[in-house]
Amino acid sequence: MARVRLSVEERREDLLRAAVDQIQTRGVAAVRVADVATVLGVSNALVLYHFSTKEKLLAAAFRHAAEEDLAQLRELLGRRTSALRRLHAAIRWYAPTGEAKGWRLWIEGWAAAPREPTLHEVASELDQQWKAALASVINEGVEAGEFRCSDPVAAAWRLTALLDGLAVQMTSYAGSLTRATLLDWTDEALARELSIDRAELTAASG
């Protein structure tokens, strides 16, 4: 049977996906170039040809996975509906009980970033993009008169800090909180940041 020849872009994509899987399985500190190579049945030299070092491979894998979630966030926030409805959908999707795929990867990235300058740079950049995307839609809602918020940037920081913290708790202590409790807390936080009643949030998102 003839082997399929992959393009450079396809091979790179395969390597990144394999690296993401290995990070989620083994953790950033334990992943070796050989682990990624073995999964795909290629040589260590091929992996290093594309990424030159393990550190650059892991940082690229982190960016690859995080940008997939970031693209989904932007799709949710870019829908043609009210800012309130978009924010509620995004917060619920981003919450640890939602459909965002990258939580375990983000936690691994946070843990390793202080010791890995390349990963720290990538994680910091992507984190700022998350906050900026939320702050932009909060600002839209303020300008449209949907709700009040004196500092959209600070609100975005507080909301993401809450969700990040809940994600760590849910990953480290699975089952310690119910899905209903987590969603209730995130809705309460969003309503508070936007100076609206919970009933308004429910009505707008129903």
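For this chain, numbers begin at 1 and follow the sequence in order.
- Judged purely by atom type and a 3.5 angstrom limit, K54 has no side-chain atom pairing as donor or acceptor with the backbone of L48.
- Side-chain contact between L84 and F147: present, with at least one pair of heavy atoms (C-beta onward) separated by less than 4.5 Å.
- Y49 and N44 share no donor-acceptor pair across their side chains, judged by distance under 3.5 Å alone.
- Using a distance-only test at 3.5 Å, with no hydrogens or angles considered, no donor-acceptor pair links the side chain of E140 to the main chain of A83.
- The side-chain hydrogen bond (donor to acceptor under 3.5 Å, both in side chains) test with Y94 is passed by exactly one of D69, T160, D164: D164.
- Between the side chain of T38 and the backbone N or O of A34 there is at least one donor-acceptor pair closer than 3.5 Å.
- Residue L201 forms a side-chain contact (heavy atoms from CB on, under 4.5 Å) with just one option from L194, I196, L87, and that option is I196.
- Here T118 contributes atom OG1 and L57 contributes atom CG; the two are 11.5 Å apart, rounded to the nearest 0.5 Å.
- Not a single donor-acceptor pair under 3.5 Å links the side chain of S124 to the backbone N or O of E121.
- A salt bridge does not link D197 to R192: none of the charged side-chain nitrogens sits closer than 4.0 Å to a carboxylate oxygen.
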From CA spacing to verdict: side-chain contact (heavy atoms from CB on, under 4.5 Å), L159, T186: CA-CA 8 Å; L159 287 168; T186 57; over 6 Å; no
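- Judged by distance alone, the side chains of Q129 and R74 do bring a donor and an acceptor atom under 3.5 Å apart.
- For NZ of K131, the number of neighbouring non-hydrogen atoms (other residues, nucleotides, ligands) closer than 6.0 Å is greater than 12.
- The pair R17-D14 does not count as a salt bridge, with every side-chain nitrogen at least 4.0 angstrom from each carboxylate oxygen.
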Decide yes or no on salt bridge (charged side-chain N to carboxylate O under 4.0 Å, His left out) for R86 and E75, but give the supporting numbers first. CA-CA 10 Å; R86 283 179 282 155; E75 191 278 325; over 6 Å; no
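- A distance-only check finds no donor-acceptor pair linking the side chain of E193 to the backbone of L190 [under 3.5 Å].
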